[in-house]
Each structure stands twice: as C-alpha cells, then as structure tokens.
Amino acid sequence: MASPVFRFAPSPNGLLHLGHARSALLNDALARDGGGRLLLRIEDIDPVRSRRDFETAIFEDLGWLGLEWETPVRRQSEHFADYEAALARLDALGLVYASFESRGDIRRVVAGRPGWPSDPDGAPLFPFSRSAMGAEERARRVAAGEPHAFRLDMRQAVARAVEMTGPLGWREIDAASGAAERVAADPLAWGDVILARKEVPTAYHLAVVVDDALQGVTHVVRGADLKAATSVHRVLQVLLGLPAPLYTHHALLLDAEGCKLSKSIGSQSLAALRAEGMTPAEVRRRAGF
Ligand code: GLU
C-alpha cells in the first residue's frame, strides 16, 4: 500500500499559537508512526489578511518545534488556475450561480426574519434563492462587470452527489484510539456556500478539496472546529470525482477562560512563548504530547 500522506495547512494571517502546534505535532506524529509523509501547505487565498511575514514565522515556529516537511511547499495563491478549473467543472454540472448580494444585503434581510437559521460557523444561511433571478439576467450582470461571488446550489449539489454515490458521509478516525466511525454528512446545514469571491477566484472549501486531492493527501488531521465543514468537502469531492481522505478532527485547546485559542483574540503566539524562554519540549507538553 502507498504510504499515507498527511498535511498541516495553516493560513498565514497571524502568528501560530499552541492550538496550531497541537495540529502540526499530531500530523507529524501520525505520519511518523504510519511511515507516512508530512506536507505543509500555505492557505493564503485571502489577499487582505495573508502576509509573507506570517508565512516566514510559520516556517520558523515549525522548524523550532523540530518538524520537517517536504518542499516545495504549496502556496494556494500560486494555483488559482487549479481552483478555476474545478469551479468550471461544477458550473458545467449546472450547480453554480453568480450571486450579487453583499454582506450588507444579507444582514438586512436576515434582520427582518427573527429565528433565521445560521450555518455551523454561526453565519446566517444565505437568505436569497437561486430561482429569484433567471440565468440570463445573472449572466448579463456578470458580463456588465457587476461584483459577484459564485455560490454552490447546495440542494441540487447534494441531490446530484447522492445520486452518484448514495448517502454522503466520511470515515472519522479517533486520534487516540485509532477507532474508525462513519459520520453522516449534513451539507444542507451550510446552505449555498461561496465557492469563489469577487476578488479571489476560489474560497476555502473549494481550494482545500482540490489541493488535498492534487497533493494525494490520504489523512486530513485538523481541529474539531473544521469538522462540520467536512460535510461540504464531501459533496465537492463526489461531484469533482476526487477521492475521500480519512479524517481526524482533534479536540481544541482551550485557554484559562475556556475559550478556544485563536488568532483573532490574540492567544499567546508560539513566537511569544519562545521569546519568554519556553522550550519546544514544554510546548509539546502543553499541546498535549
Ligand atoms: N487553513 C485552515 C486554517 O488555518 C485549515 C484548513 C484545513 O486544515 O482544512 O484554519
């Protein structure tokens, strides 16, 4: 059997913290135990938040922790053509539509609908319907240069994917015990997700499934905060004819207040801990190793 392929895929929009260290170290340990390979992928599709100095810091932090990864490192911003090709395939299946509604439009409509559901990330489900505007009208507005995103028609996408493979789900492996269970996917909980944005020809869900397949990733090991997104990833994998990796979603590290560590709340970075004199061995211990 070919050797397993793991990947750690940080976004260079801030400094890594202990939660990232847990993910990276777990990928590394599992790759080593299973005689596998470890890839590092830089997920820098967001042109506003991604920075080269953060990317450099990622390399420094991971090197300091003692990790080794294959080079060259794939940087998503250098592979937009791959994501565009995948989007074109989904479009050819009739499952993609241009959407012109701004975040403000969405907020306004949702404000008038108390109890409107949110997606698993807590954002309101897209409250407009594809059928509200004809395909010709959409094409005319795109041709006229109106800003737009491309969305997946989730109901139709799921129906098509189920037709192709039957009920959607994935195999989830418990990191500690190695036990496997089948998790049923619930992609409709996400509504019509964005596949490409006005400034960038892709979005997270599309880029991640395309890259995992292109890089031959067999084991996706990441934080539990991304578990729900796997439902969307399975739909895209089926529609694009891509293999399904095995998944492990590990528990997140919490801070003293019980909140998950995050860049946005300024959780103490690995760089800061290093500057304070913490050793890699101590980081490993605090990350649960
Ligand atoms: N780039 C994502 C993040 O930093 C992780 C993507 C993934 O592991 O699937 O949160």
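Atoms considered below: every heavy atom in the structure, side chains included; atoms not considered: hydrogens, waters and symmetry mates. Model, not experiment: these values are computed from the prediction. Atoms within each ligand, like the ligands themselves, are counted from 1 in listed order.
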List every atom of ligand 1 that sits less than 4.0 Å from any heavy atom of [X], numbering the atoms from 1 in the order shown and giving each element.
X: V208; result: 9 (O)
X: E43; result: 1 (N), 2 (C), 5 (C), 6 (C)
X: R222; result: 7 (C), 8 (O), 9 (O)

Mind checking whether R7 contacts ligand 1 via backbone (N, CA, C, O), side chain (CB onward), both or neither, at a 4.0 Å heavy-atom cut-off?
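It is the side chain that touches ligand 1; the backbone stays farther off.
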
L226, portion touching ligand 1 at heavy-atom distance under 4.0 Å
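It is the side chain that touches ligand 1; the backbone stays farther off.
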
Ion pair check, [X] and [Y], cut-off under 4.0 Å:
X: K260; Y: D225; value: yes
X: E70; Y: R37; value: yes
X: E43; Y: R41; value: yes
X: E172; Y: R182; value: no

Does a side chain donor of either D174 or S177 reach within less than 3.5 Å of an acceptor in the other side chain?
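Short answer, yes.
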
Contact check, Y204 vs ligand 1, heavy-atom distance below 4.0 Å:
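Within the 4.0 Å threshold, so yes.
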
Please check: side-chain N/O of R274 versus main-chain N/O of W64, any donor-acceptor pairing under 3.5 Å?
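No, the answer is negative, given that no donor and acceptor are paired below the 3.5 Å cut-off.
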
Polar-atom distance check: A9 versus ligand 1, any N or O pair below 3.5 Å?
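Looking only at distances, the answer is yes, because the N/O contact criterion of under 3.5 Å is met.
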
